[in-house]
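Written out below as structure tokens is the structure these notes cover.
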2 protein chains.
Amino acid sequence: MQPVGSPTPSESRSDDLAAWGSVRDRLRERGLRWTPQRRALVAVLSQTRGHVTGADLVERCREQDPSTIPSTVYRTLDVLEELGIVRHGHGPDGREEYHVLPDAEHGHLHCRGCGAAWEITADEGASIVATLEAARGFAVDLSHVTIVGRCRACR
Amino acid sequence: MQPVGSPTPSESRSDDLAAWGSVRDRLRERGLRWTPQRRALVAVLSQTRGHVTGADLVERCREQDPSTIPSTVYRTLDVLEELGIVRHGHGPDGREEYHVLPDAEHGHLHCRGCGAAWEITADEGASIVATLEAARGFAVDLSHVTIVGRCRACR
DNA sequence: GCCGTTATTGCAACTCATTGCAGCAAGACC
DNA sequence: GGTCTTGCTGCAATGAGTTGCAATAACGGC
Ligand SMILES: [Mn+2]
Ligand SMILES: [Mn+2]
Ligand SMILES: [Zn+2]
Ligand SMILES: [Zn+2]
């Protein structure tokens, strides 16, 4: 039940290291290429845990290499998402938000009043998922779900 | 359980007419002004039922008056939303989608496979709303909810 | 190490939306 | 109808993201 913090750099755990280390091979298995631009983004991502906007990632890549091109970053993010390495959702304003190596699938809750954000745990999400599954046979992508409203404090 | 169609012009029902007719007064009660630009957008909206993107509305205003300025339209939409005359959500890509005179509060469901969309009725939404209300005292804005996933046919 | 295939990049143009600001004009008051 | 106040508009710049296309460069094969 913890508020979602801003993206925090953090030391990698060993399994995270493994995850990042395997990206190169996961790409090449699919006939995709391991380019300097992709290396750069993966380096930035491996220093990130939690939630970041696409624009943030572009900026962080630029800090490392000012010649970074936004479209390349966004396209690489698409590729990494296909590999399941990141997932994206949208903030209350529709802007992209990436989850980096999420510990568990989760959605997001945003308060319009104070701007605070929380994760919707798989547990809480289960009720949403189950409802739509039962009623319509619809498979909800929980990690893309953002729910906006007012938190207890702001009501 | 009907798929959400594209925005369809339709004759106004009498209570809708009343709703649009009262906009001018609702604005002026609040010290706001009834300008030609607002008249134009309201005229377009009154010919619309269901769901439209912000960009669509800009374009339709432009058809009537090519000198229409996008920022004015978006700002007017904000005002109308404060009056409760329209409500917006976001499509799967984060773009704005307006509900015009919705019969009832509802959310949206989008299939990534076929692109079809459905409304989440207040009824179905109740389970989502109740869960977050009970667990966190969070008041969900159902009309801003968009859930993405795969529909029965696409699985 | 060179070559060819083709995935990827850089770039420019474009879409959708938001914002600051100076000038304009609704509409209340007389 | 004239005047004043202040809410709105037009405009230009900006931010976030996407797309088409020609040139580039991974990397598998030799
Ligand atoms: Mn929104
Ligand atoms: Mn999305
Ligand atoms: Zn709050
Ligand atoms: Zn479908």
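Chain letters run A, B, ... following the sequence lines, proteins first, then strands; residues in each count from 1. Keep in mind that this is a model prediction, so the values were computed, not measured.
Residue contacts for B:R95: at a heavy-atom cut-off of 4.0 Å it reaches the sugar-phosphate backbone alone, with no base atom in range. Within 4.0 Å (heavy atoms only), B:S71 reaches at least one base atom of the nucleic acid. At a threshold of 4.0 angstrom between heavy atoms, the contacts of B:G31 are confined to the sugar-phosphate backbone, with no base atom among them. Backbone-only engagement by B:G54 is indicated by non-hydrogen atom pairs under 4.0 Å involving sugar-phosphate atoms exclusively.
Nearest nucleotide to the A:Y74 side chain, out of D:dT9, D:dT18, C:dT8: D:dT18. Candidate nucleotides D:dT18, C:dG27, D:dC8 were compared by shortest atom distance to the side chain of B:W34, and C:dG27 ranks first.
Across the interface with DNA chain C, nearest-nucleotide mapping of A:T76 and B:T35 shows A:T76 to be the residue nearer the 5′ end. Residue-to-nucleotide proximity on DNA chain D shows that, of A:Y98 and B:I69, the 5′-proximal contact is made by B:I69.
Straight-line distance from the CG atom of B:D56 to the C1' atom of C:dT15: 13 Å, rounded to whole Å. In this structure, the CD atom of A:E82 is 10 Å from the P atom of C:dT8, given to the nearest Å. In this structure, CG of A:D93 is placed 15 Å from P of D:dG15, rounded to the nearest angstrom. Rounded to a whole Å, the CG atom of A:L41 is 14 Å from the C1' atom of C:dT8. The interatomic distance linking B:E96 (CD) with D:dA16 (C1') rounds to 13 Å, in whole Å. Per the geometry, CD belonging to A:E97 stands 16 Å off C1' belonging to D:dG15, to the nearest Å. Protein atom CZ of A:R38 is 8 Å distant from nucleotide atom C1' of C:dA7, rounded to whole Å. Residue B:L57 contributes atom CG, which lies 16 Å from atom C1' of C:dT15 at whole-angstrom precision.
Residue B:R75 has no polar side-chain atom (N or O) positioned under 4.0 Å from OP1 or OP2 of D:dC8. Between C:dG10 and A:T72, a contact under 4.0 Å exists linking OP1 or OP2 to a side-chain N or O. Contact between the side-chain N/O atoms of B:R28 and the OP1/OP2 oxygens of C:dA28 is found at a separation under 4.0 Å. OP1 or OP2 of D:dG10 lies within a sub-4.0 Å distance of a side-chain N or O belonging to B:Q37.
Between A:V44 and A:R60, some side-chain heavy-atom pair lies under the 4.5 Å cut-off. Taking the side chain as every heavy atom from C-beta outward, A:R136 and B:L109 approach each other to under 4.5 Å.
Looking at B:R33, its side chain has no donor and acceptor atom pair within 3.5 Å of the base of C:dG27. The base of C:dG27 does not come close enough to the side chain of B:R30 for any donor and acceptor atom to sit less than 3.5 Å apart.
With respect to A:R150 and B:D141, no salt bridge is recorded, no charged nitrogen being found less than 4.0 Å from a carboxylate O.
The backbone N or O of B:G137 sits less than 3.5 Å from a side-chain atom of A:R155, completing a donor-acceptor pair. Using modelled atom types, no side-chain atom of B:S127 and backbone atom of A:T131 make a donor-acceptor pair closer than 3.5 Å.
Partner of B:H90 under the ring pair (Phe, Tyr, Trp, His ring centres under 6.0 Å) criterion, out of B:H108, B:H99, B:H144: B:H144 alone.
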